[in-house]
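First comes the structure, then the notes that go with it.
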Amino acid sequence: MAFDGIITCAMVKELQNKIYLGKIEKVYQPENDELVFHIHTKTGNVKLFASVGSAHARLHFIEENPKNPPVPLAFCMLLRKHLQGGRIVEISQKDSERIIEISLETLNELGFNVSKKLIFEIMGKHSNIILVDMTTGKIIDSIKRVSIDVNRVRQVLPGKEYEYPPVQDKIPFKVITADQLGAIDANSKAILSQVGGISPAIAWELTAKKDRYGFLQQILESIASGTFVPRVYLDEKDVPQEFHITDLTEYEDAARRMDFQTLSQCLAYYFDNKASSNRARQKSHDLVKSVTTTLDKLYLKKQRLSEDLLKAENSEDLRLYGELLTANMHLIKPGDKSVEVVNYYDNSTVKIPLDERHTPAKNAQQYFKRYGKAKTAVKEKQIQLEEVDDDIKYLESVLSYLNNTDSIEEIEALRTELIETGYIRRRKTTFKEKKYKPQPHRYETTDGFTVLVGRNNKENDYLTLKTASKADIWFHTKDIPGSHVIVQTDGKELSESDIFEAAAIAAYHSKGRTSENVPVDYVAVRYVKKPAGAKPGMVIFTNNKTVWVNPGLPE
């Protein structure tokens with residue numbers, strides 16, 4: 001990711017053009033590491049987004065409205081107190097560093113003008129957003145507090161005087177001379193270690209340029225004039241690989257390039273589409289990890305139960321040994337470790353191990369006792385195995401939903417479902433959680449039939465058991481975790497094309513999304529039942545038919 005000093009410089013230019021003398025109207029904090037500022041400017045209202053996440057730290061304008069928590073977080077409340085109504089009087093970059101400073105004039109509680117500075121340090125896992133009182137130079141607060149236990153060199157705490165991050169022994173790209181740049185060895189490591197504010201991609205680019213100094217000057221001139229062209233480089237699967245405001249030779253031939261009118265549009269596209277920094281993926285990571293860990297334990301438990309059940313089922317020899325010992329007590333001598341007797345069922349000779357400490361009668365009793373325990377174990381292990389199978393099927397369906405969604409709302413609904421079913425603990429919150437409202441996916445077949453698709457197991461139950469009429473048709477992938485799909489028929493017959501379209505939708509909303517020729521069962525809803533005590537989304541059905549389709553959605 002190339003949010004280097006050059007990108008920072010270009011973003012400062014964009015900020016200056018858009019929000020200089022703007023007024024901060026609202027401040028929101030959608031996540032612990034994100035802020036959104038609603039700013040009123042002479043050309044209209046804009047939204048400035050900032051993130052200090054280690055994998056996606058950045059600052060740029062956005063169009064959408066991120067979902068906010070019901071109760072504002074503490075840092076958000078503090079910023080509202082100090083900045084709401086404040087006017088932006090200066091926007092600058094600290095030297096060639098990845099630090100953007102926004103100075104504001106605002107009123108204090110007594111109505112006097114005070115100066116505050118909002119400092120955005122965009123430095124990977126060390127990123128931070130810090131509010132500083134310009135009169136005293138002291139920190140009011142920060143989105144990340146850094147104590148002496150975390151960093152002995154530089155603490156970021158309320159009341160401490162603000163200090164910039166330690167300066168590296170590099171020459172800033174803004175002030176480096178042609179002679180200084182020419183004296184550096186022509187390899188990217190050497191350039192990166194001696195030139196400040198550039199990314200590895202730019203360091204590699206400088207190794208290939210005959211006129212290194214001219215290349216840097218062209219970039220600075222394009223920023224000053226606002227003529228730079230932000231671009232994102234995509235691989236063959238259209239996954240963003242890199243972004244910048246200048247050509248990157250190593251990507252030009254190997255990747256597809258997308259140009260953007262503004263740097264903010266470029267950054268928004270890159271981070272929204274980059275899997276490693278996608279907000280939804282970040283949000284679902286802990287759920288996926290928790291479900292996967294639980295599934296691994298259940299797979300192991302199932303394996304051990306199956307092995308124990310197999311041993312218990314092969315226990316007829318224990319009964320036979322007990323019978324044969326009872327019938328041949330006279331052949332056993334005190335201290336014998338085994339005895340050979342004739343099996344009166346098939347006249348074969350059987351060697352029976354003995355415990356020399358016990359009498360022949362006691363040995364026979366022990367075999368009968370072990371046989372009785374084995375028979376009891378068969379019933380218990382079968383019950384346990386069924387319970388484990390139900391848990392596995394349920395969690396595999398949840399994992400399928402998590403892997404198939406990019407919606408934060410759907411992820412939170414799945415989190416609630418896992419809490420209610422007892423698989424994860426409820427998080428401590430200071431607000432009352434909203435009542436769950438089913439909002440299934442909606443599609444329409446070519447013939448105009450409405451198709452409803454559950455986004456999680458709770459919605460599956462709602463659709464199949466409460467919404468659907470008995471005459472509606474229920475679809476589900478055969479032996480594959482997936483959504484319940486309901487086609488609302490209004491008493492009409494489905495054509496063959498309708499059936500295949502609905503089946504393709506069911507295959508798409510399942511674990512088999514990336515497969516071909518996926519089997520899908522379908523049946524009238526009247527034949528679908530939910531067993532008593534079954535987990536969310538778990539049903540049984542009869543009279544079904546099966547079709548094989550390729551997953552897909554209606555055009």
Review point. Does the Thr467 side chain pair with the main chain of Tyr462, one donor and one acceptor, at a distance under 3.5 Å?
Key: yes
Exercise for review: If a pair satisfies side-chain hydrogen bond (donor to acceptor under 3.5 Å, both in side chains) and one of its residues is in residues 496-512, list it, with sequence neighbours excluded.
Suggested key: Tyr443-His509, Thr445-Asp498, Thr446-Glu501, Ser495-Ser497, Ser495-Asp498
Review point. Is the CZ atom of Arg304 crowded by more than 12 outside heavy atoms at less than 6.0 Å?
Key: no
Practice item. Would you please name every residue forming a side-chain hydrogen bond (donor to acceptor under 3.5 Å, both in side chains) with Ser306, sequence neighbours left out? Key: none
Check your understanding: Which heavy-atom pair separates Met538 from Lys530 by the least distance, and what is that distance?
Key -> O-NZ, 3.2 Å
Point to revise | Ion pair check, Lys302 and Asp389, cut-off under 4.0 Å | key: yes
Review point. Of all residues at least two apart in sequence or in a different chain, which pass the side chain to side chain contact (heavy atoms under 4.5 Å, CB included) check with Asn17?
Key: Lys13
Review point. Using 30° and 60° as the class limits, which term best fits the ring planes of Phe271 and His60: parallel, tilted or perpendicular?
Key: parallel
Point to revise | Residues in side-chain hydrogen bond (donor to acceptor under 3.5 Å, both in side chains) contact with Tyr299, at least two apart in sequence or another chain | key: Glu396
Check your understanding: Under the 6.0 Å and 45° cation-pi test, does Lys18 pair with Phe61?
Key -> yes
Practice item. Classify the side-chain pair Glu14/Ser264 by whether it contains a donor and acceptor separated by less than 3.5 Å. Key: yes
Study note, to complete from the structure: So salt bridge (charged side-chain N to carboxylate O under 4.0 Å, His left out) across residues 464-487, not counting sequence neighbours, yields Lys478-Asp521
Check your understanding: Hey, would you say the Tyr28 and His38 ring centroids sit under 6.0 Å apart?
Key -> yes
Exercise for review: For residues 531-555, pull every pair meeting ring pair (Phe, Tyr, Trp, His ring centres under 6.0 Å), keeping only residues two or more places apart or in separate chains.
Suggested key: Trp474-Phe541
Review point. How long is the gap from CG on Asn404 to OG on Ser483, to the nearest 0.5 Å?
Key: 8.0 Å
Review point. Have Glu252 and Tyr233 got a donor and an acceptor in their side chains that come within less than 3.5 Å?
Key: yes
Point to revise | Non-hydrogen atoms of His484 and Asn460 that approach each other most closely | key: N-OD1, 3.0 Å
Revision key, fill the gap. Nearest heavy-atom approach of Leu298 to Val388 is O-CG1, 3.6 Å
Point to revise | Evaluation steps, salt bridge (Lys or Arg N to Asp or Glu O under 4.0 Å), between Arg256 and Glu236 | key: CA-CA 8 Å; Arg256 185 169 72 87; Glu236 65 277 1; over 6 Å; no
Review point. From Lys393 NZ over to Asp390 CG, what is the distance, rounded to the nearest 0.5 angstrom?
Key: 6.5 Å
